[in-house]
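Okay, so here's the structure we're looking at.
These numbers were taken from a predicted model, which means no experiment stands behind them. In the text below, chain A, chain B and the rest are named by the order of the sequence lines, each starting its count at 1.
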Amino acid sequence: MSRRLAEVFAQTRSTNRAALIGYLPAGFPTADASVELMNAMIDSGVDAIEVGLPYSDPLMDGADIQFAVAHALSGGTTTEVVLDVVGRLDGDRAAILVMSYWNPIERYGVERFATRLKAAGGNGVITPDLTWEEAGPWLAATAGAIDTIFLVAPSSTDDRIKTVVKKTSGFVYAASTMGVTGARSEVGAGAQGLVARCRLATKLPIAVGLGVSTGSQAHEVAAYADGVIVGSAFVRCIRAAPDLPAAISAVRALAGELAEGVKR
Amino acid sequence: MILSRPVRTQPFGIVEGEIKLTTYETAISAGHFGPYGGRFVPEALTAALDELDAAFRSAIIDPDFIDRLTKLEVSYTGRPSPLTKADRFAEHCGGARIYLKREDLNHTGSHKINNAIGQALLTQRMGKTRMIAETGAGQHGVATATAAALLGLDCTVFMGEEDTRRQALNVVRMQLLGAEVFSVTAGSRTLKDAINEAMRDWVASVEKTHYVLGTVTGPAPFPEMVRYFQAIVGREAREQIQAAEGRLPDAVVACVGGGSNAIGLFSGFMDDATVQLRGYEAGGDGVETGRHAARFAAGSPGVLHGARTYVMQDTWGQTIASHSISAGLDYPGVGPEHSWLHDTGRAKYEAVNDDEAMAALALLSRTEGIIPAIETAHALAGAMRVGRELGPDSLIIVNLSGRGDKDVATAARWFGIGAPAGIEMAEGR
């Protein structure tokens, strides 16, 4: 495990709250604006940032994130831009992760991406379409330097969870529901059971994502998980804002609400 | 796990027995074809793919399943499909003898039904009640909707908006068959985006839903499983050409979108070193224009839709939108087995542009009285090249993968026809 994520979870644990993990695609609405927005998220209580690497075929994402990454791609957000964004985030106050579908990383070069990400201050990577079976070269390139966060889902068997958590470092990403990203009125009922099943297999922190968008939902999840992941709700409030200052205010307000929510 | 060729009793009584694995087959293990294939999917789908893999492997050694599949192939699909000698068309192919494997005569009008019925039976076997499918040309959507109607399953088909326009006939067919057709407006609004949307549906509905992927792409076990259901094309063709000519062909030719009709035909001749395997992908406006679907001519290895394979992608690994007059070939990826066949040199792939394909479509229509699908027309244009290359007395089988009814509106625009009389066929658009 890289030290940074371990520190974050140790710190949130010691203050009796869950870690708040916020996602935003780099380059949405522009590279500079995404840096400002993510730093505002950190400033308002987000403990770890997932920087989305925009991809042309985001098949795990719902409408909000699809819109945001398409916008970012049409604005010229390349892998280099994403790494630049990572380097401009306030890494002293939050852990910095990259969320990327696999092909852009493979195309960039597995070792090259690992090296550049580390140099830019990145602490971990989440790959929604890379399971451990195909991750050999990536794990070899990042061992000890960058955390690789694999997902578990309600459909994962106990045997499979045992294997996945062994390959995971940093934390385990528990998908709350069977479905794509997007704000939902209720967090999946299976989330708590999934977290409990993971606890039997690992001492790693477990964070719950998919469908969390409000402070009260974050509070509910924080009761049983070590981390709460929010993505689409941030994208949504940026989409709804008329300009960047309004978007920053909205993001601050949401991050603040969620940061209150994750307190136990 | 090593793939062994399944033993299967054929409609006309041939039993394929135990066969020693070739080097090629040994390379196909654990869902990989050399470095290609694999499973690049969200964790949420892993359990469903494991379940499908287990259901598939148990089904193909279950005599009841094989019996049911075989009966439907014979009594419903109309197999075996004929092998038709095309003498007048062959005059344009350098004097080669040309045979057409008539998948267009299957029920629903293409090879797609072979796979759809197989996967529909698996859907029932897994106790699932709903099937979803992506479709480009609409042939796979129609085949899946047909199998769903036959077996009393619910069916939703995802189709790019651009394709619903150019293959409007098939949209109506699917609706008549009771399927819901979902028009996809994301991205390039073609097959690639339909697959994204089908995957999104599947991850949320997987408990009751089976995703009937229509070609030899996607995560394991799809490429191997779809190959299995399409392999009947090659088995029949091999038997039929030996009966007709007393020998194996010099080349077998097929168009390659995802590549299921090609794999079906090729698989019958994979171990016959003297039989050339020739695949034709869509050159669109020309590979040099960038508006094409020529993955081998202009793509590179990458990961798309769950498998490592040749992909049309930019420097950053972003998928490049493909282009072809043929909706069924308009896809920036290709089946991983084709990538392996390409790299090993066992099969050879070339691009055929829109204009060359449309000329071949017109030629087959006028010389043989068979209107092929535009996808298939790419294979016919390829056969014309191969015939000239191999010369007189060479023996070639072309997979006539589908009929052209769905394409008449596109053809009318292309040739400037459609008025009842007095209109001369234009050369270009």
Side-chain angles (χ1 to χ4, degrees), chain A residues 53-63 66-67 69-70 73 76-82 100-109 113 127-135 150-157 159-161 163-164 168 172-182 188 210, chain B residues 30-32 35 37-51 134 158 184-188 192-209 218-220 300-309 311-321 332-333:
Chain A
L53 192 154
Y55 176 54
S56 52
D57 294 276
L59 52 78
M60 266 302 284
D61 286 305
Q66 282 180 53
F67 172 88
V69 300
L73 281 174
T77 308
T78 63
T79 307
E80 294 289 4
V81 172
V82 174
S100 179
Y101 289 87
W102 181 241
N103 197 48
I105 294 177
E106 182 164 298
R107 181 72 167 165
Y108 191 80
F113 187 83
T127 54
D129 63 345
L130 186 76
T131 54
W132 67 268
E133 288 95 328
E134 303 287 352
F150 288 116
L151 280 76
V152 293
S155 60
S156 304
T157 61
D159 275 352
R160 193 165 166 83
I161 287 173
T163 315
V164 172
T168 297
V172 178
Y173 188 133
S176 71
T177 184
M178 296 294 286
V180 296
T181 58
L210 296 191
Chain B
H32 290 78
R39 248 192 214 179
F40 294 83
V41 293
E43 173 65 25
L45 290 178
T46 300
L49 292 169
D50 283 343
E51 179 192 17
E134 84 296 344
F158 295 89
V184 178
T185 55
S188 58
K192 163 179 98 77
D193 310 288
I195 294 174
N196 290 342
E197 211 53 51
M199 295 287 270
R200 290 181 188 120
D201 181 299
W202 199 31
V203 76
S205 66
V206 66
E207 206 176 319
K208 294 281 171 209
T209 299
S300 54
V303 171
L304 180 65
H305 291 146
R308 181 175 288 112
T309 191
V311 177
M312 291 171 52
Q313 57 182 331
D314 69 11
T315 318
W316 307 105
Q318 306 291 344
T319 311
I320 295 173

Taking the side chain as C-beta and beyond, is there a heavy-atom pair between B:Arg39 and B:Leu45 under 4.5 Å? no

State, with a plain yes or no, whether a side-chain heavy atom of A:Val180 is found less than 4.5 Å away from one of A:Asp61. no

In terms of heavy-atom pairs under 4.5 Å with chain B, which of A:Pro54, A:Ala70, A:Ala135, A:Pro58 leads? A:Pro58

Interatomic spacing from CD in B:Glu134 to CG in B:Asp201 - rounded to 0.5 Å: 12.0 Å

Would you mind checking which part of B:Thr319 comes under 4.5 Å of any heavy atom in chain A, side chain (CB onward), backbone (N, CA, C, O), both or neither? both

Is there a donor in the side chain of A:Thr131 and an acceptor in the side chain of A:Glu133, or the other way round, less than 3.5 Å apart? yes

Relative to the ring of B:Trp316, is the ring of A:Tyr108 parallel (under 30°), tilted (30 to 60°) or perpendicular (over 60°)? parallel

Chain A heavy atoms under 4.5 Å from B:Val206: which part of the residue, side chain, backbone, both or neither? side chain

When the 4.5 angstrom heavy-atom criterion is applied to B:Asp314 and chain A, the contacting part is backbone

Please classify the contact of B:Glu207 with chain A as side chain, backbone, both or neither, using a heavy-atom distance under 4.5 Å. neither

In terms of heavy-atom pairs under 4.5 Å, which option from A:Thr78, A:Asp57, A:Leu130, A:Thr79 contacts chain B the most? A:Asp57

Do side-chain atoms of B:Thr209 reach the backbone of B:Trp202 as a donor and acceptor pair under 3.5 angstrom? no

What part of A:Pro154 is in contact with chain B, defined as an atom under 4.5 angstrom from a non-hydrogen atom: side chain, backbone, both or neither? neither

Please classify the contact of A:Tyr55 with chain B as side chain, backbone, both or neither, using a heavy-atom distance under 4.5 Å. both

Answer whether the closest heavy-atom distance between the side chains of B:Thr46 and A:Ser156 falls below 4.5 Å. no

As a quick check of understanding, evaluate side chain to side chain contact (heavy atoms under 4.5 Å, CB included) for A:Tyr173 and A:Leu210, giving each step before the final call. CA-CA 10 Å; A:Tyr173 188 133; A:Leu210 296 191; 4.2 Å; yes

If one checks every heavy atom of A:Ile105 against chain B at 4.5 Å, the contacting part turns out to be neither

Options A:Met178, A:Arg107, A:Met60, A:Arg160, ranked by heavy-atom pairs under 4.5 Å with chain B, top entry: A:Arg107

So, the part of A:Thr157 with a heavy atom under 4.5 Å from chain B: the answer is neither

Does any heavy atom of chain B fall under 4.5 Å from the side chain of A:Gln66, the backbone, both, or neither of them? side chain

Give a yes or no on whether the backbone of B:Gly302 and the side-chain of A:Glu106 come within a donor-acceptor separation of less than 3.5 Å. no

The interface call for B:Ala186 against chain A, heavy-atom contacts under 4.5 Å, is side chain

Toward chain A, the part of B:Ser205 with a non-hydrogen atom under 4.5 Å: neither

A:Asp129 (side chain) donor-acceptor with B:Phe40 (main chain) under 3.5 angstrom: no

Toward chain B, the part of A:Pro104 with a non-hydrogen atom under 4.5 Å: both

